[in-house]
Amino acid sequence: MTVTKADARDEASLDAETLRAMYRHMLRSRLLDERMWVLNRQGRAPFWISGMGHEAVQVAFGMNLRPGYDWVAPYYRDLALTLVLGMTPRDHLLSVLARADDPNSGGRQMPAHYGCRRYNIITTGSSVGTQLLHATGIALASRMRGEDAVTFTSCGEGATSEGDFHEALNFAATCRLAVIFVVENNGFAISVPWEKQMPIPNVADRASAYGVPGIVVDGEDPMACFRVAKEAVTHARRGEGPVLVEAKVLRLTSHSSDDDQRRYRAADELAAEKERDCVARFRSQLEDLGVLTSTIADDMRTDLTRELDRAEEEAEAAPLPEPETAMRHVFGEAAEG
Amino acid sequence: MTVTKADARDEASLDAETLRAMYRHMLRSRLLDERMWVLNRQGRAPFWISGMGHEAVQVAFGMNLRPGYDWVAPYYRDLALTLVLGMTPRDHLLSVLARADDPNSGGRQMPAHYGCRRYNIITTGSSVGTQLLHATGIALASRMRGEDAVTFTSCGEGATSEGDFHEALNFAATCRLAVIFVVENNGFAISVPWEKQMPIPNVADRASAYGVPGIVVDGEDPMACFRVAKEAVTHARRGEGPVLVEAKVLRLTSHSSDDDQRRYRAADELAAEKERDCVARFRSQLEDLGVLTSTIADDMRTDLTRELDRAEEEAEAAPLPEPETAMRHVFGEAAEG
Amino acid sequence: MAEITYLQAIRDGIREEMERDPSVLVLGEDVGAKGGVFGVTEGLQKQFGEWRVLDSPLAESLIAGVAIGAAFNGMRPIAEIQFQDFIMPAVDQIVSEAAKIRYRSNGDWNVPLVVRAPFGGGVHGALYHSQSIEAIFCHVPGLRVVVPSTPYDAKGMIVAAVRDPDPVMYFEHKRAYRAIKGEVPEGEYVVALDRARIAREGSDIAIFTYGMMVHSALEAAERLVPDGFECEVVDLRSLRPLDHDAIVASAKKCGKVLVLQEANLAVSIASEVAAIIAEDCFDYLDAPVVRLGGPEIPAMPFSPPLERFYLVTPDKIERALRDLAAY
Amino acid sequence: MAEITYLQAIRDGIREEMERDPSVLVLGEDVGAKGGVFGVTEGLQKQFGEWRVLDSPLAESLIAGVAIGAAFNGMRPIAEIQFQDFIMPAVDQIVSEAAKIRYRSNGDWNVPLVVRAPFGGGVHGALYHSQSIEAIFCHVPGLRVVVPSTPYDAKGMIVAAVRDPDPVMYFEHKRAYRAIKGEVPEGEYVVALDRARIAREGSDIAIFTYGMMVHSALEAAERLVPDGFECEVVDLRSLRPLDHDAIVASAKKCGKVLVLQEANLAVSIASEVAAIIAEDCFDYLDAPVVRLGGPEIPAMPFSPPLERFYLVTPDKIERALRDLAAY
Ligand SMILES: Cc1ncc(C[n+]2csc(CCOP(=O)(O)OP(=O)(O)O)c2C)c(N)n1
Ligand SMILES: Cc1ncc(C[n+]2csc(CCOP(=O)(O)OP(=O)(O)O)c2C)c(N)n1
Ligand SMILES: [Mg+2]
Ligand SMILES: [Mg+2]
């Protein structure tokens with residue numbers, strides 16, 4: 001098990017353009033995420049589940065994957081990841097407003113159940129952990145066809161308590177499949193703190209049980225995440241088998257719009273976490289490095305907000321599904337003779 | 001992770017009487033097991049699944065448990081274990097002949113689905129691995145009542161691929177419950193060799209994923225098994241949490257009476273295994289140590305064979321269940337007002 | 001008698017049983033500090049401590065399997081599955097283990113176990129927070145399956161379930177939690193786990209249903225009164241075993257039958273009720289049995305027009321009743 | 001045309017599809033060197049290699065979940081579950097995932113997946129090697145469930161299942177493997193996955209059944225011929241969706257109906273068939289619908305007298321038919 005922290009190498013190895021792109025991706029996701037909460041609080045969207053605090057590691061992986069070639073079996077906090085891969089704020093606003101044209105599910109699923117064939121993002125259900133086995137099967141297929149596509153899959157640390165986590169890691173490792181398992185450990189499964197979920201401090205320490213590399217990374221440190229993502233993707237693409245990455249992230253919001261974490265978490269703990277928020281911290285870090293000026297950053301925010309406003313307008317104007325379309329897509333065409 | 005092999009300490013720490021008792025338990029199970037195969041080959045018993053080659057570790061644990069106080073969630077190869085705890089050859093002959101008085105199941109289950117409330121041996125189903133969670137729940141109950149009972153549970157290495165293995169280890173470790181997980185690794189899940197089941201050589205290496213002690217022991221070495229059993233039971237009874245023990249054992253027979261392992265295993269490999277058989281080896285080891293003479297050993301065999309003959313006669317004479325009794329024991333008494 | 005919610009009634013029943021019997025414990029995701037995602041177990045951890053109200057890891061097979069184990073060893077666990085939709089990983093433990101333990105041990109062992117889970121839609125819960133998949137368990141001998149529809153039954157049946165020596169699946173309609181209020185007597189009482197209840201007497205059409213649909217059926221039944229039709233509404237309550245005699249009695253009395261449920265119809269409770277009537281009320285029927293339920297699509301969608309399309313509303317029930325009345 | 005066994009017909013179908021389409025693969029416990037515990041996949045690993053006939057670890061959720069993943073990525077996996085009894089750990093992957101993937105993605109994704117498993121009793125398999133739990137899956141929209149009863153259908157339906165773009169549960173009666181032989185044409189053909197089959201024509205009593213019970217029904221039907229009763233035996237074949245029109249047609253034609261199955265009756269295929277008839281054949285029935293199936297006990301016991309007690313034999317069927325004939 002390797003514990004990786006950001007170090008000088010990271011800063012050196014990433015050029016300014018890449019760093020700015022990372023920041024832009026993170027900010028774009030954050031602004032969209034904030035907008036979702038607004039829609040929810042306005043009573044226009046019955047549900048939202050947020051990725052705030054999880055953006056850095058998602059952006060890092062998204063930027064190291066080949067959209068539409070590599071495969072992605074995400075989970076509900078992976079908003080930023082889907083955006084990096086090519087999905088748009090409009091796509092997800094269509095989803096949160098349950099519109100017919102939502103590419104994730106046509107308004108059928110709760111928001112944040114991502115999926116888009118165009119980018120090889122498989123459709124996400126709600127039963128946590130099942131996607132880890134799907135990713136393993138996807139990688140099996142790639143391997144059988146001799147392709148060097150890698151499969152990214154993610155879940156929360158809570159989901160690693162499910163049997164499917166073990167079954168997936170075990171099989172992917174036994175067959176040395178190109179799966180990157182990313183655990184976004186925010187310390188909570190809804191209200192249950194990690195200490196009640198598992199007896200050891202790091203999920204990544206479980207990698208040795210499968211003979212694969214396990215990496216812990218500070219998920220609020222975008223550069224460290226980028227380096228880990230790059231290494232993991234390279235490892236998997238080279239055919240060296242799966243990797244287990246654990247990003248220690250913050251859940252900056254309640255579990256979902258139906259939850260209120262102040263009921264089970266201390267106020268000072270919540271306040272302290274805000275300080276470590278990857279988006280704010282990354283901005284000042286990049287400003288310190290001279291990669292970003294506050295003008296560039298502000299312009300970026302203005303641009304992204306404009307994109308968002310337009311997307312929201314379009315989504316709002318888009319039609320809801322026709323009732324009878326509920327009967328569609330149970331089966332496809334019948335077997336041909 | 002500790003890898004334990006028999007060493008001089010073992011021989012020193014066990015008195016002659018204990019060693020003879022161990023041998024007698026092993027031999028008793030072996031003779032009964034052989035008898036079961038005879039019944040099967042004679043067409044008198046439609047099914048048998050054997051514990052041959054697994055006896056040493058079972059006897060070692062059985063002798064270190066307190067029957068009727070400690071708890072046992074076994075699997076289908078644990079014939080020797082049940083005998084040490086107090087069940088008898090007659091009990092299991094009643095089962096294999098599907099008689100009404102079979103204490104395991106009244107002839108309802110396939111043979112080798114052990115269970116006996118009197119000795120706190122819970123009833124065993126066929127779905128592999130489920131018992132690991134039962135053991136965990138049993139230990140939770142003991143812990144809640146402040147009892148120092150330990151719970152023994154076992155399975156094959158194949159069953160450790162099931163999600164329940166992970167869920168049980170994780171929870172038992174998180175709550176530091178007094179569960180002893182014993183994996184009887186015979187290298188095969190029916191026909192599938194361990195290399196296709198898992199990416200690392202030792203199941204016990206997975207203990208670190210749960211922060212618990214993991215021990216590999218030569219399951220054909222009774223003294224080493226005894227030492228490990230004693231340590232494990234002491235550890236658990238002291239409230240120091242679960243232990244994961246892996247006994248490398250031999251499957252001296254085909255998977256079951258429905259299988260023929262010569263179809264998927266090489267003849268020389270099978271022949272070589274016979275040489276390492278714990279029962280034969282232990283006898284010569286004890287004779288070398290002067291603990292056993294060949295007269296004592298032969299007398300033992302004669303006695304045990306006589307017990308077995310009588311048990312078989314009684315079982316054969318015992319009645320089959322009445323057809324309508326199939327309707328009984330779906331529910332117990334209704335809830336009382 | 002106090003008017004309390006369905007949710008409060010369940011909580012009261014659990015609390016009183018825990019006070020009465022130290023072997024009762026609650027196990028599930030978020031049942032502790034948070035009091036469950038719907039608040040059913042609120043306050044219980046404070047009262048009974050962290051062991052007896054135990055936050056489990058996120059693993060349903062674990063929840064069921066550990067509860068079974070505890071039941072082997074003298075406890076009476078109440079296992080909470082956060083949503084009925086997420087009971088699937090626990091199916092092996094429930095169906096292969098809990099349901100078969102008494103039988104396979106020839107009565108040597110039994111597991112007094114309650115598995116609670118909220119079901120049902122109409123809450124914008126979409127595919128995985130709206131399902132009604134009780135039918136799966138209703139096929140399985142060795143299980144009891146109950147669904148209370150009133151606060152009175154909710155309390156009486158959770159108490160009976162806890163005291164029952166065998167596994168009981170206790171399903172709660174999540175829309176009932178706060179929407180349904182009713183009178184509940186103080187203190188201890190039980191409601192039998194195998195008896196239907198006549199929620200409304202009538203002699204023209206017998207409606208068989210359970211859960212929130214009981215309330216929709218009652219509403220629709222009232223709409224037919226001005227036209228002179230009196231519907232009998234039978235709240236099945238116990239879905240396994242079904243109360244065969246009560247079903248046959250009401251069907252014979254009315255001669256016309258509507259079987260209602262929120263779940264899709266194929267191979268479901270409604271199928272079984274219709275089959276019982278087809279077998280045992282042949283000479284008494286004045287019209288074909290009619291079933292009304294969810295459509296045969298994988299689950300209830302999120303978008304409001306689609307969700308409304310899925311749901312069996314009082315309007316749809318009224319239409320079915322009028323058709324039957326006119327037959 | 002050659003006479004081959006039911007088992008051989010399944011194997012031929014799989015082999016020919018694997019030869020035709022490189023995306024077809026087989027995944028399961030012991031499917032490789034051993035050729036499966038019943039020998040269905042014998043010889044396939046030798047022919048197609050270790051990847052396309054892949055011995056999985058002992059983990060059913062893995063088998064289903066990995067197969068789903070492979071199907072996402074262009075493959076057509078045939079997942080083998082060693083016994084239907086052991087499908088329970090895979091229920092979440094099958095019901096929550098496979099069945100809902102096309103629907104929840106609004107048609108963006110689909111999983112062409114076959115799950116094969118042997119079911120049924122009468123082989124001294126006891127509680128966990130005798131079960132018939134297909135009803136559980138027949139409730140679930142998004143799944144197809146089929147059970148062939150003849151070698152001809154076994155081959156034609158496994159081929160159709162492999163080519164179908166959606167998940168198909170393909171259940172094989174383990175007693176049929178070697179006991180049932182029949183003519184099977186050389187080469188490629190498919191049998192539709194949603195059509196019942198009239199196994200025997202008659203106009204006095206319609207028998208609806210599937211699997212090995214088709215053969216028992218045929219045997220019992222012959223015993224009534226001397227008395228002038230001709231039974232129609234309808235082999236349902238497709239249990240989800242049921243062939244509604246074929247069921248209604250035969251029921252109307254005969255006016256008397258026996259629904260037969262090996263599984264216990266509550267909330268089962270037999271319930272659904274009876275319900276369809278109660279709904280749609282009201283004016284055509286001359287007698288109550290009769291159901292005959294296994295008793296409501298957790299599963300088939302091991303001991304011969306108990307196993308015989310459980311099984312629906314031609315004698316029991318004959319008795320039911322004579323009672324119906326006399327009605
Ligand atoms: C199988 C299953 N059980 C329960 C739930 C309800 N549930 C949704 S999210 C969640 C907590 C997940 O925690 P974690 O995996 O740590 O992810 P996080 O939300 O913290 O990112 C639970 C219990 C579910 N979706 N699926
Ligand atoms: C859930 C489940 N799947 C499949 C089976 C069929 N089966 C019975 S034993 C066995 C192999 C078990 O191997 P292992 O756990 O190594 O135990 P061993 O028999 O080698 O002692 C299998 C696949 C089963 N009993 N339960
Ligand atoms: Mg978390
Ligand atoms: Mg083994």
Side-chain angles (χ1 to χ4, degrees), chain A residues 71 73 100 102-109 113 115-118 120 122-127 129-145 147 149 151 153 162-164 166-168 170-172 174-175 177 179 321 325-326 328-337, chain D residues 22-23 25 27 51-52 54 56-57 59-75 77 89 92-93 95-97 99-112 141-144 157 159-168 188-194 241:
Chain A
W71 287 79
D102 154 33
N104 295 288
S105 80
R108 290 174 168 201
Q109 292 212 76
H113 285 61
C116 188
R117 182 158 210 148
R118 195 166 153 199
N120 281 354
I122 68 165
T123 167
T124 313
S126 298
S127 188
T130 53
Q131 72 276 17
L132 307 176
L133 282 167
H134 303 165
T136 303
I138 289 168
L140 174 69
S142 295
R143 153 101 190 226
M144 286 176 69
R145 290 195 304 263
E147 296 163 1
T151 302
T153 187
E162 294 276 5
D164 278 5
H166 170 65
E167 298 188 15
N170 185 46
F171 189 63
T174 302
C175 298
L177 302 175
V179 189
T325 62
R328 294 192 57 204
H329 301 307
V330 178
F331 290 131
E333 327 290 46
E336 322 144 281
Chain D
S23 71
L25 68 110
L27 171 73
W51 285 100
R52 287 187 68 197
L54 205 156
S56 75
E60 289 74 16
S61 189
L62 179 164
I63 294 170
V66 164
I68 290 168
F72 267 121
N73 190 0
M75 309 303 278
D92 191 40
Q93 286 287 352
V95 172
S96 304
E97 297 297 317
K100 295 181 174 57
I101 280 169
R102 183 187 287 277
Y103 192 79
R104 80 185 185 206
S105 69
N106 206 28
D108 200 28
W109 289 103
N110 65 303
V111 289
L143 297 180
R144 290 185 186 280
M157 294 182 96
V159 171
V162 169
R163 296 182 191 183
D164 194 86
D166 294 297
V168 180
E188 203 176 328
Y189 68 96
V190 295
V191 170
L193 299 177
D194 52 5

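Here is the naming used below: chain letters follow the sequence lines, and residue numbers restart at 1 for every chain. Every heavy atom of this structure was used, including side-chain atoms; hydrogens, water molecules and symmetry mates were not. All values derive from a computational prediction rather than experimental measurement.
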Go through the steps for A:D102 and A:Q109 under the test side-chain hydrogen bond (donor to acceptor under 3.5 Å, both in side chains), then give the verdict.
-> CA-CA 10 Å; A:D102 154 33; A:Q109 292 212 76; over 6 Å; no
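- Annotation: side chain of A:L140 is in contact with side chain of D:L54 (closest heavy-atom distance under 4.5 Å).
- In this structure, chain D has heavy atoms under 4.5 Å from both the backbone and the side chain of A:A326.
- For A:D164, the part sitting under 4.5 Å from any heavy atom of chain D is the side chain, from C-beta outward, and nothing else.
- The closest donor-acceptor contact from the side chain of A:T153 to the backbone of A:A73 lies under 3.5 Å.
- Of the listed residues D:A59, D:P22, D:S61, the one with more heavy-atom pairs under 4.5 angstrom with chain A than any other is D:S61.
- Proximity to chain D (any heavy atom under 4.5 Å) is shown, for A:I122, by both the backbone and the side chain.
- Using a 4.5 Å cut-off between heavy atoms, A:P321 does not touch chain D at all.
- Annotation: side chain of D:F72 is not in contact with side chain of A:N120 (no heavy-atom distance under 4.5 Å).
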Decide side-chain contact (heavy atoms from CB on, under 4.5 Å) for D:Q93 and D:V66; before the verdict, give the C-alpha distance in whole Å, the side-chain angles of both, and the deciding distance to 0.1 Å.
-> CA-CA 9 Å; D:Q93 286 287 352; D:V66 164; over 6 Å; no
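- In this structure, A:N104 contributes its side chain and A:G115 its backbone to a donor-acceptor pair below 3.5 Å.
- Highest contact tally toward chain D, considering only A:C116, A:A172, A:S126, is held by A:C116 [criterion: heavy-atom pairs under 4.5 Å].
- Of the listed residues D:A192, D:G142, D:P167, the one with more heavy-atom pairs under 4.5 angstrom with chain A than any other is D:G142.
- Of the two parts of D:I63, neither the backbone nor the side chain holds a non-hydrogen atom closer than 4.5 Å to a non-hydrogen atom of chain A.
- Contacts of A:R328 with chain D are made by backbone atoms alone, with heavy-atom separations under 4.5 Å and no side-chain atom involved.
- Between chain A and the residues D:P57, D:P89, D:A99, the most heavy-atom pairs under 4.5 angstrom are made by D:P57.
- Proximity of a side-chain donor or acceptor of A:H329 to a complementary backbone N or O of D:N106 within less than 3.5 Å is detected.
- In terms of heavy-atom pairs under 4.5 Å with chain A, the best-connected choice from D:E97, D:R104, D:R52, D:K100 is D:R104.
- Of the listed residues (D:D108, D:N110, D:V168), the greatest number of heavy-atom pairs within a distance under 4.5 Å of chain A belongs to D:D108.
- The part of D:D92 that comes within reach of chain A is its side chain, from C-beta onward, which places non-hydrogen atoms under 4.5 angstrom from that chain.
- Crowding of A:R118 atom CZ: a count of heavy atoms from other residues, nucleotides or ligands under 6.0 Å not exceeding 12.
- If you measure heavy-atom distances from D:A67 to chain A, you find no contacts under 4.5 Å at all.
- Looking at A:R108 and A:H113, their side chains never come closer than 4.5 Å, going by heavy atoms from C-beta outward.
- Heavy atoms of A:T174 lying under 4.5 Å from chain D are absent altogether.
- Using a 4.5 Å cut-off on side-chain heavy atoms (C-beta onward), D:L193 and D:M157 make contact.
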